[in-house]
Colleague: 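I have a structure here, written as structure tokens, and I will follow up with some questions on it.
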Amino acid sequence: MHFPRLAVTLTLVLGVAACSNATRFGPGAEGQGAGMGPGAGMAGNAAATGTADPSSPAYFQNTVGDRVLFAVDQSTLSDGARTTLSEQARWLTSNPEYTAVIEGHADEQGTREYNLALGARRASAAEDYLISQGVASSRLRTVTYGKERPLEVCSSEACYSKNRRAVTVIAAGGTPTS
Amino acid sequence: MTWLRCLMLGALLALPVQPAVAQDNPGPLRIEITEGVIEPLPIAIPTFIAETPAAEEWAQRLTQVVADDLTGTGLFRRIPQDAFISPVTEFTPQVDYANWKAINAQGLIMGAVSVSDDGRLTVKFRLHDVFAESELGQGLQLGGSTNSWRRLAHKVADQVYSRITGEDPYFDSRVVFVSERGPKNDRRKRLAVMDYDGANVQFLTDSDAIVLNPRFSPTGDRVLYTSYETGFPRIYEINVGTVSRTPLPIPGEDMTFAPRYAPDGRTVVFSLTQNGNSDIYRLQPGGSPERLTSAPSIETAPSYSPDGNRIVFESDRSGTQQLYVMPASGGEPQRISFGPGRYGTPVWSPRGDLIAFTKQNEGRFHIGVMRTDGSEERLLTASFLDEGPTWSPNGRVIMFTRETAGASGESALYSVDISGRNLKRVSTDGAASDPAWSPLLD
């Protein structure tokens, strides 16, 4: 019950915000921040860069937060990751016209094949959590990139920690494709 | 013949280090082995004789490739031609051995090249054991079109290598690999094949989709690989000659990767991922995928034994990546890796005696070999990132990917003898990864 109610609230708040101008959306976002975890704090930025439409994939990416990070060689979700994924699930529930592909990635410390399998595990962990939060499995698909698509290019933990990720990429309707 | 051959065998099998000094030949011949470092055998390779005027350039080129093949093994050192006592102007069976002994040439390769009016190359050669004052094997003549001149040279060098070492040849072979362009966070990858020495590069795919882990068929005419052309990793087979490709007929849309042919060249073993769990499957011609492993852990990187009876693969069922061997139809796997660190990408040697692997330990990557029961593990390399070994057709040399660290990090192909000697970069035009050696060409 808890999450569906929050989802409705979020929809209402965002609905108002969508009808408001960008400056008035800011305070609304702060309001979310108190009760709804991270990501909301970026709303000001999102508004400034034109991603204020809360039903837009850009809003999902920048404000809801499209990615969760993992520990070395792990695919278990941290508390922070669960919070982010809960927000993702709420957004997806509120925007049923979208589907999503969840990309699993690994850092470069590993063999290519193992990292493909590890990325698949991470994507699947994120997918399972979204499904547990009410997102229909038919709207989700996973893909692993292993270590093929690092975001950060240095060879130290500062970069590795950002590369060990599952990214939920929003796509319009139909069968999820990459 | 015998002592030269024995010495070279000793040199190749350098691990049980013994000073290999010819007992019946106390002369200048000496191969010094110090902590696995062997003094290369000095050989004379006079530029092959051009027997027709048009053959002059071919003779130069062929001689160079023969010399590069042999010295590239680290087992031979070519004596500079200006050290020769008398120039070689004729291709005759008569040799003044004293002149070659005087410059300590242990072996002498004499060759001749002719080219016919219709563009056909003929190369003849004789190999001499200088200190035994005799030919090593029969003189041999090979022919082919000028387009295949490099293959002719590789075949000559293969003959010399085999006669001196007693090993099977490997120079006349190709390597399929992934050619890489662009920065680390926007890498473009294309499948390519080349001769084992980096010559004659031919691209098989464009760079629109990520391609990974190509593997030659046992007949060398086809390649299995993983491509993202649908947006998801799936296995394809490409015909090297026609460059036509087809998806491996695996029903459904599950992610599939890490393919490898069985020795029959028709059965394929690979990883398939369902609900985040990767297991090993087998696809026989006309059949449906059969699941060979059923564990919640990661099972991947399968490779057949040369007799096709067993499969070595990696699994993290113990908590970390380790190597396991199971029957080719599935069944209880036996763990074979027990040292510190993690083991992956096992590949069975074509001779059946060893398994090459990637090892990660204490922040370093290694290429290593072990016996098929896991004993006698030896690490051959160490670097920031070495991975993905592939065997030369004769099981003496391993090629692999080495990647450097940092934002400008780049992949390159390296090779190393299974003794751990002769580590060197393989010449490629630009960055390259995921090499897979072909069988010896026909």
Side-chain angles (χ1 to χ4, degrees), chain A residues 70 72-77 99 101-129 131 137-138 140-160 162-163 166 169 171 175-178, chain B residues 178 183-187 189 210-213 226 228 230-233 253-258 271 273-279 296-302 313-316 319-321 342-345 357-360 363 365 384-388 401 403-409 433-434:
Chain A
F70 296 87
V72 176
D73 199 22
Q74 295 299 314
S75 55
T76 48
L77 299 169
T99 61
V101 175
I102 304 156
E103 302 176 349
H105 299 266
D107 66 31
E108 68 189 0
Q109 304 166 285
T111 50
R112 203 176 308 288
E113 295 91 329
Y114 182 82
N115 278 346
L116 286 173
L118 180 59
R121 255 187 192 164
R122 287 173 174 161
S124 185
E127 179 186 45
D128 287 350
Y129 197 80
I131 292 170
S137 61
S138 60
L140 302 175
R141 195 167 171 192
T142 59
V143 62
T144 176
Y145 282 96
K147 60 177 174 178
E148 301 306 313
R149 287 286 178 263
L151 274 183
E152 305 291 334
V153 295
C154 73
S155 292
S156 61
E157 180 56 20
C159 290
Y160 293 161
K162 293 176 183 145
N163 290 336
V169 179
T175 309
T177 52
S178 171
Chain B
V178 173
K184 206 167 174 177
N185 56 357
D186 188 24
R187 210 70 109 193
K189 297 193 166 191
I210 301 171
V211 289
L212 304 171
N213 291 139
T226 302
Y228 281 70
T230 64
F232 298 85
E253 296 186 321
D254 295 314
M255 293 183 279
T256 54
F257 57 97
S271 272
T273 299
Q274 270 186 329
N275 303 320
N277 178 31
S278 301
D279 269 302
S297 44
I298 287 173
E299 277 72 36
T300 189
F313 64 98
E314 63 174 74
S315 167
D316 69 349
T320 60
Q321 271 173 287
R342 306 161 53 148
Y343 297 78
T345 74
F357 55 84
T358 306
K359 177 165 174 161
Q360 280 171 265
F365 279 72
F384 166 72
L385 207 176
D386 287 348
E387 69 168 314
T401 305
E403 190 164 351
T404 50
S408 59
S433 61
D434 291 5

Colleague: Does A/E103 pair with A/R149 as a salt bridge, N-O distance under 4.0 Å?
Modeller: no

Colleague: Counting only non-hydrogen atoms closer than 4.5 Å, does B/D316 touch chain A with its backbone (N, CA, C, O), its side chain (CB onward), both, or neither?
Modeller: side chain

Colleague: Given a strict heavy-atom distance threshold of 4.5 Å, which part of B/S271 is in contact with chain A: side chain, backbone, both, or neither?
Modeller: neither

Colleague: At a 4.5 Å cut-off on heavy atoms, which part of B/L385 comes close to chain A: side chain, backbone, both, or neither?
Modeller: side chain

Colleague: If you measure from the Lys or Arg side-chain nitrogens to the Asp or Glu carboxylate oxygens, is any gap between B/R187 and B/E403 under 4.0 Å?
Modeller: yes

Colleague: Which bit of B/P302 comes within less than 4.5 Å of chain A, counting heavy atoms only: side chain, backbone, both or neither?
Modeller: neither

Colleague: Could you tell me whether the side chain of A/E108 reaches within less than 4.5 Å of the side chain of A/N163, counting heavy atoms only?
Modeller: no

Colleague: Can you tell me which of A/A125, A/A117, A/S124, A/A120 forms the most heavy-atom pairs within a distance under 4.5 Å of chain B?
Modeller: A/A117

Colleague: Quick one: what part of A/E152 sits under 4.5 Å from any heavy atom of chain B, side chain, backbone, both or neither?
Modeller: neither

Colleague: Would you sort out whether B/E299 and B/S297 count as a side chain to side chain donor-acceptor pair (under 3.5 Å), showing the intermediate values?
Modeller: CA-CA 6 Å; B/E299 277 72 36; B/S297 44; 2.6 Å; yes

Colleague: Could you grab the distance from atom CZ of A/R121 to atom OG1 of B/T273, nearest 0.5 Å is fine?
Modeller: 10.0 Å

Colleague: Relative to chain B, which segment of A/D73 carries a heavy atom at a distance below 4.5 Å: side chain, backbone, both, or neither?
Modeller: side chain

Colleague: Go through A/D128, A/L151, A/T111, A/L118 and name the one with the most non-hydrogen pairs under 4.5 angstrom from chain B.
Modeller: A/T111

Colleague: Under 3.5 Å, side chain of A/K147 to main-chain N/O of A/G110, donor-acceptor pair present?
Modeller: yes

Colleague: Name the region of A/S156, side chain, backbone, both or neither, that has any atom closer than 4.5 Å to a heavy atom of chain B.
Modeller: neither

Colleague: After noting the C-alpha distance and the side-chain angles of A/Y114 and B/T345, does the key distance pass the side chain to side chain contact (heavy atoms under 4.5 Å, CB included) rule?
Modeller: CA-CA 8 Å; A/Y114 182 82; B/T345 74; over 6 Å; no

Colleague: So for A/A123, is it side chain, backbone, both, or neither that comes closer than 4.5 Å to the heavy atoms of chain B?
Modeller: neither

